[in-house]
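Read through the structure below, which is laid out as structure tokens, and then see the notes.
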2 protein chains.
Amino acid sequence: MGTEAERNGEWAEVTPDAARRLLTAGVQAFAERGYHATTTRDIAGRAGMSPAALYIHYKTKEELLYRISSVGHRLALGILERARDGAGGPAERLADAVRHFVRWHAEHHTTARVVQYELGALGEEHYAEIVGLRRETDAAVRDIIEDGVRTGDFDVPDVRGTGLAVVSLCIDVARWFTSDGKRTPDEIGDLYAGLVLRMVGCTGHRPGDHR
Amino acid sequence: MGTEAERNGEWAEVTPDAARRLLTAGVQAFAERGYHATTTRDIAGRAGMSPAALYIHYKTKEELLYRISSVGHRLALGILERARDGAGGPAERLADAVRHFVRWHAEHHTTARVVQYELGALGEEHYAEIVGLRRETDAAVRDIIEDGVRTGDFDVPDVRGTGLAVVSLCIDVARWFTSDGKRTPDEIGDLYAGLVLRMVGCTGHRPGDHR
DNA sequence: ACGCCATCTAAGCGCTTGCTCAGCTTCGGG
DNA sequence: CCCGAAGCTGAGCAAGCGCTTAGATGGCGT
């Protein structure tokens with residue numbers, strides 16, 4: 001059912017149907033072998049089409065990667081921004097952000113793998129656009145941490161560095177997660193939310209004054 | 001000077017000289033473009049040799065990657081095992097392990113990038129061997145955390161999961177670090193050592209009783 | 001009924017890839 | 001002084017690559 005859910009909804013904005021099938025085939029192939037080791041024949045084959053059919057819906061193989069990367073980054077960014085702008089104190093919002101962000105990276109680890117680790121294969125212009133989205137990702141997490149420092153809920157000497165570390169920790173889930181492991185995406189999300197709260201010096205009880 | 005140090009010593013065990021030049025050329029090329037996007041002509045060119053010269057010292061392009069991966073993994077593992085078996089309490093040893101491990105990933109980020117992110121391109125047998133080394137890496141960190149839990153210095157509900165998260169956090173430095181950033185490898189090592197001590201519930205003063 | 005456009009395929013073009021091989025040089029031991 | 005091994009090159013092969021093109025097919029508005 002996890003695999004089923006991966007195909008449903010996530011790429012709903014991609015039309016027509018053939019373009020979406022090619023895209024999900026690309027996600028699978030890129031995640032397994034990497035962009036450069038994947039052939040257009042392989043992608044088309046997984047989608048049940050001839051190699052030439054790819055070029056009706058995408059100008060180049062790189063544009064297919066760009067579409068995946070663009071949609072994927074916007075989904076991931078949306079998760080963080082929704083948590084940042086949600087209700088509750090900084091601790092709840094940071095925990096929510098990490099929990100959902102990590103869960104997404106585990107549940108959609110094939111998509112996330114392509115999104116997070118294959119962007120070096122993008123062309124210059126596409127790459128620049130994606131880097132912009134990634135800066136927004138970093139900023140969303142940093143914003144929550146800054147809130148927590150302001151309210152005194154968190155104790156963070158280096159907000160920028162800690163924020164980068166938190167994002168880095170979450171992203172790397174996509175690299176090592178496999179669906180045949182013992183842990184579920186939910187469990188990892190909860191574990192990581194707890195770890196991150198500790199990283200920002202949030203002890204669980206009222207903060208008190210530091211030093 | 002950082003770039004200079006990258007060539008010195010690190011690959012001293014690789015002989016003869018031409019084989020070492022090809023190897024460092026491979027590291028640079030693989031780190032920049034990825035294994036599959038790198039051509040044997042590119043590697044040989046960087047080493048100042050003809051394409052055919054590569055095959056005198058390495059049977060295939062994959063064997064060159066394997067040599068890089070093997071030496072690199074052993075270096076990284078050595079750093080952790082030296083910290084684990086060192087003197088001092090669990091907190092000092094864990095901080096030392098993270099500090100040195102992170103510093104290596106930042107200072108040698110080109111090597112580390114190949115070592116950590118290109119192992120999917122290895123052949124089956126080579127891959128299996130490298131995976132073994134990675135399990136030892138995870139175990140070294142887990143051992144220190146278990147020590148700390150035993151002595152009461154750490155408070156870790158999920159030792160295995162937390163250990164994996166710590167290793168993951170450190171490894172991912174190789175992905176985002178660039179030498180033209182503001183932070184030095186030392187600074188990042190110190191920052192991460194502090195973050196990890198917080199992750200394992202080490203507050204700095206004597207532990208006391210929890211809950 | 002008919003033409004039109006979107007969709008898809010079979011065939012294949014031009015190029016690059018990993019890798020090979022015959023031959024040239026260099027150099028230490030007898 | 002010569003010889004064989006080791007290191008290296010120039011030329012190139014077979015295979016596979018991304019992508020193109022000409023033509024078949026099917027559904028839709030009129």
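Proteins come first, then strands; the chains are lettered A, B, ... in the order of their sequence lines, and each starts at number 1. These numbers come from a predicted model, not from an experiment.
A distance-only check finds a donor-acceptor pair linking the side chain of B/Y58 to the backbone of B/A19 [under 3.5 Å].
The local environment of OH in A/Y127 is sparse, with at most 12 non-hydrogen atoms from other residues, nucleotides or ligands closer than 6.0 Å.
A/L54 has its CG atom 19 Å from the P atom of C/dA6, to the nearest Å. When the P atom of D/dC19 is taken as reference, atom CG of A/L65 falls 12 Å away, rounded to whole Å. Rounded to an integer number of Å, the gap from OH of B/Y58 to P of D/dC8 is 12 Å. Distance, B/I56 CD1 to C/dA22 P: 15 Å, rounded to whole Å. The distance from atom CG of A/D17 to atom P of C/dA6 is 18 Å, rounded to the nearest whole Å. For the pair A/L22 CG and D/dC19 C1', the computed distance is 15 Å after rounding to whole Å. Whole-Å rounding puts the A/H57 NE2 to D/dT20 C1' distance at 16 Å. We find that CD of A/E62 is positioned 14 Å from C1' of D/dC19, with the value rounded to whole Å.
Using modelled atom types, one finds a donor on one side chain and an acceptor on the other under 3.5 Å when comparing A/R134 with A/Q116. Checked by atom type, the side-chain pair B/R20/B/T24 shows no donor-acceptor distance below 3.5 Å.
In terms of the side chain to side chain donor-acceptor pair (under 3.5 Å) criterion, residue partners of A/R93 (sequence neighbours excluded) are, by chain and number, A/D147.
Note on residues 171-200 of chain A: pairs passing salt bridge (charged side-chain N to carboxylate O under 4.0 Å, His left out), not counting sequence neighbours, are A/R99-A/D190, A/R103-A/D186, A/D172-A/R175, A/R183-B/D158, A/R198-B/D155. Among residue pairs with one or both ends in residues 18-48 of chain A, those qualifying as ring pair (Phe, Tyr, Trp, His ring centres under 6.0 Å) are A/F30-A/Y35; sequence neighbours excluded.
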Listing, residues 77-84 of chain B side-chain donor-acceptor contacts under 3.5 Å, not counting sequence neighbours, or none:
| unit_1 | atom_1 | unit_2 | atom_2 | d |
| --- | --- | --- | --- | --- |
| B/R84 | NH1 | B/D143 | OD2 | 3.3 |

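The two residues B/H105 and B/A112 come nearest to each other via the heavy atoms CD2-CB, 3.8 Å.
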Name the pairs: protein N/O against N/O of nucleotides 16-18 of chain D, kept only if under 3.5 Å.
| unit_1 | atom_1 | unit_2 | atom_2 | d |
| --- | --- | --- | --- | --- |
| D/dG18 | OP1 | A/T38 | O | 3.1 |
| D/dG18 | OP1 | A/K61 | NZ | 2.9 |
| D/dG18 | OP2 | A/T40 | N | 2.9 |
| D/dG18 | OP2 | A/T40 | OG1 | 3.2 |
| D/dG18 | N7 | A/R41 | NH1 | 3.0 |
| D/dG18 | O6 | A/R41 | NH2 | 3.1 |

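Within residues 45-53 of chain B, the residues having any heavy atom closer than 4.0 Å to DNA chain C are, in order of number, B/A52.
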